[in-house]
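Chain letters run A, B, ... following the sequence lines, proteins first, then strands; residues in each count from 1. Since the model is a prediction, treat every value here as computed from it, not as a measurement.
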Amino acid sequence: MPEYHTSPGTRDILAPDSTRWRALVDVFARVVERAGFGQIIPPMFEDLGVFLRLGEATDIVTKEMYDFEDKGGRRVALRPEMTAGVVRAFVQHRPLLPWKAWYAGPNFRYEKAQQGRYRQFDQVGVEVLGVDDPNLDAEVIALAWEFYGQLGLRQVRLVMNSLGEPEDRARYVDALRDYFTRNEDALTPESRQTLLRNPLRVLDSKREHDAAVVAGAPVIADFYSESAAAHFATVLAGLDRLGIPYEVRPSLVRGLDYYRKTTFEFVGAALEASQNAVGGGGRYDGLAEDLGGPATPGIGFALGVDRTLLECDAEGVFDAPSRNVSVFVVDVTGGQEALSITHDLRGAAISCDRAYEGRSMKSQMKAADRSGAGYALIIGGDELANGTVTLRPLAGQAGDDRTQISIPRTDLIPTLKRVLPS
RNA sequence: GUGGCCGUAGCUCAAUUGGUAGAGCGACAGGUUGUGGUCCUGUAGGUCGCGGGUUCGAUUCCCGUCGGUCACCCCA
């Protein structure tokens with residue numbers, strides 16, 4: 001047993017998983033950069049106050065934050081999500097509107113880990129500041145939808161809701177509090193606790209016992225102002241126009257307090273676990289102002305990289321791309337030839353690897369096979385004397401022709417350039 | 001944070017009704033001395049998660065602890 005291992009809720013991601021991971025981020029970047037988004041790389045920790053804006057009733061803030069005092073006496077916290085930091089960056093730099101930013105990176109929450117839920121977890125996402133247009137809501141959702149499609153996912157479902165304007169939401173929360181208080185006896189003790197902190201979240205209860213009461217609760221749609229109703233209707237019409245299927249679920253309330261108007265969630269149909277929300281987002285029109293900036297509308301989403309990959313596994317799509325070297329150098333003359341040949345090939349942009357420690361040819365050939373390389377480049381005593389190398393096709397090459405050929409050392413790179421798939 | 005289940009070689013798992021453990025895969029080395037992927041043989045690799053208790057003796061029983069997993073909570 002090793003003395004040290006990863007902390008709870010953290011893990012190492014090795015190749016080939018890391019290759020797949022990066023490929024997923026590449027797909028995301030391609031999709032959103034096509035839509036005019038530029039990447040932002042914000043710091044992983046910020047002044048604690050930035051994150052307190054997420055809401056005093058949320059567990060993310062009250063229980064799960066990695067906050068600490070640094071050596072200079074500053075109260076800082078590892079970011080528990082991306083939106084607050086990105087909006088802080090907006091307020092700090094005041095880029096031209098509309099500002100479209102995308103990101104990828106880890107967030108930190110002190111939670112008990114389970115599958116699809118980690119203390120350090122990665123998200124990819126976008127934020128757009130400065131546009132109130134409901135068409136943007138549809139566009140942003142469509143980008144996430146396109147991303148899932150590019151990965152090959154077909155069973156992700158989109159769930160839509162609107163929380164209305166802040167005043168609508170406030171009146172709704174009051175009505176909800178009244179309703180649940182009247183029916184308190186029928187609620188589980190846990191939900192009664194939640195009711196005191198945040199009545200909205202009672203709607204999220206997964207306990208069977210609460211189901212009946214929750215089903216009879218007031219519906220947010222009845223509290224929409226005219227403008228909020230119109231905004232939401234236009235968003236849904238936009239989705240219809242783009243052919244993106246969705247389900248409106250009035251009980252969808254997301255965990256962060258800053259959401260208003262449009263909210264949405266992507267649910268992985270293939271995931272059995274309760275951690276089946278693979279992504280989510282919404283509008284946060286008041287957040288920039290809360291962080292000391294001008295009143296600026298905003299919308300964005302965050303998608304969990306782990307959960308998305310789990311969904312890919314469940315649907316059997318987006319396999320790890322193989323990143324093999326093209327050539328494997330087998331040198332049975334001591335290894336000096338392999339040293340210079342691999343150096344030369346890499347200089348000519350031909351990927352290659354080799355075996356070390358003067359192993360037997362058999363052993364080196366095994367290593368060549370395992371490397372996935374298309375060709376073994378063999379240097380023995382004869383080749384060394386002749387100034388040649390032997391090129392042997394390995395498994396995985398087109399056709400069954402495994403005839404090996406002898407090439408003058410001087411022709412090696414041109415020959416490989418001709419033979420290798422580019 | 002609360003509760004259920006689990007923790008044996010790098011990986012997937014056996015076994016021991018308490019007498020210090022095996023297999024498959026993988027790794028490494030051979031199979032008449034320059035050729036892999038199949039096959040055969042062999043070798044290495046485990047303080048049976050960690051600590052304490054009961055016992056002549058514990059990997060096996062008990063307690064604690066750490067880690068994993070599932071549900072709740074929360075959320076991506």
Taking only N and O in the side chain of A:R201, is any of them less than 4.0 Å away from OP1 or OP2 of B:rC75?
-> yes

Sort out the partner of B:rG22 for me: Watson-Crick or G-U wobble, both distances under 3.5 Å, none otherwise.
-> B:rC13

Would you indicate what A:R359 reaches in the nucleic acid, counting non-hydrogen atoms under 4.0 angstrom: base, sugar-phosphate, or nothing?
-> sugar-phosphate

Considering only the C1' atoms, how many Å lie between B:rU54 and B:rG22, rounded to the nearest integer?
-> 29 Å

Nearest-nucleotide pick for A:K206, side chain only, options being B:rC74, B:rG36, B:rU35 = B:rC74

Does the side chain of A:E383 come under 3.5 Å of the side chain of A:T390 through a donor N or O and an acceptor N or O?
-> yes

Side chain of A:R307 only, please: which of B:rA76, B:rG67, B:rC73 is the nearest?
-> B:rA76

Would you state whether a donor and an acceptor, one from the side chain of A:R117 and one from the base of B:rC74, lie under 3.5 Å apart?
-> yes

Atom C1', compared across B:rA9 and B:rG24: separation rounded to whole Å | 12 Å

Pair partner, B:rA29 [Watson-Crick or wobble, under 3.5 Å] | B:rU41

Closest-nucleotide ordering on RNA chain B, the 5'-leading residue of A:S7 and A:Y259 = A:S7

Does A:K112 get its side chain close enough to the base of B:rG68, under 3.5 Å, for a donor-acceptor pair?
-> no

Think A:R119 forms a cation-pi with A:Y110, using NZ or CZ under 6.0 Å from the six-ring centre and within 45 degrees of its axis?
-> yes

Is there a donor and acceptor pair closer than 3.5 Å between the side chain of A:D369 and the base of B:rG36?
-> yes

Base paired to B:rU59 (Watson-Crick or G-U; both N/O distances under 3.5 angstrom) | none

Starting from P on B:rG36, measure out to CG on A:D353 and report it in whole angstrom.
-> 19 Å

Across all strands shown, which nucleotide pairs with B:rU69 by Watson-Crick or G-U wobble geometry, both distances under 3.5 Å?
-> B:rG4

Would you say A:R370 reaches B:rA27's phosphate, i.e. side-chain N/O to OP1/OP2 under 4.0 Å?
-> yes

Taken to the nearest whole Å, CD/A:Q114 to C1'/B:rA76 is 13 Å

Could you tell me whether the side chains of A:N161 and A:T263 share a donor-acceptor contact shorter than 3.5 Å?
-> no

For residues A:D132 and A:H231, is any side-chain donor paired with an opposing acceptor at under 3.5 Å?
-> no

Over how many whole Å does the gap from A:H209 atom NE2 to B:rC73 atom P extend?
-> 13 Å

Would you kindly compare A:V305 and A:S360 by the position of their nearest RNA chain B nucleotide and give the one closer to the 5′ end?
-> A:S360

Protein-nucleotide distance (A:M365, atom CE; B:rC28, atom P), rounded to Å | 15 Å

Could you check which of B:rC73, B:rG36, B:rC74 has an atom nearest any side-chain atom of A:E64?
-> B:rC74

Checking only heavy atoms, does the side chain of A:R207 share a donor-acceptor pair with the base of B:rC73 at less than 3.5 Å?
-> no

Is A:E311 side chain donor-acceptor paired with the B:rA76 base, going by distance under 3.5 Å alone?
-> no

Judged by modelled atom types alone, do A:Q120 and A:N107 share a side-chain donor-acceptor pair under 3.5 Å?
-> no

Side-chain N,O (A:S363) to OP1/OP2 (B:rC28) below 4.0 Å = no

Do we see a donor-acceptor contact under 3.5 Å between the side chains of A:Q364 and A:R354?
-> no

Select base, sugar-phosphate, or nothing to describe what A:Q364 touches, counting heavy atoms under 4.0 Å on all strands.
-> nothing

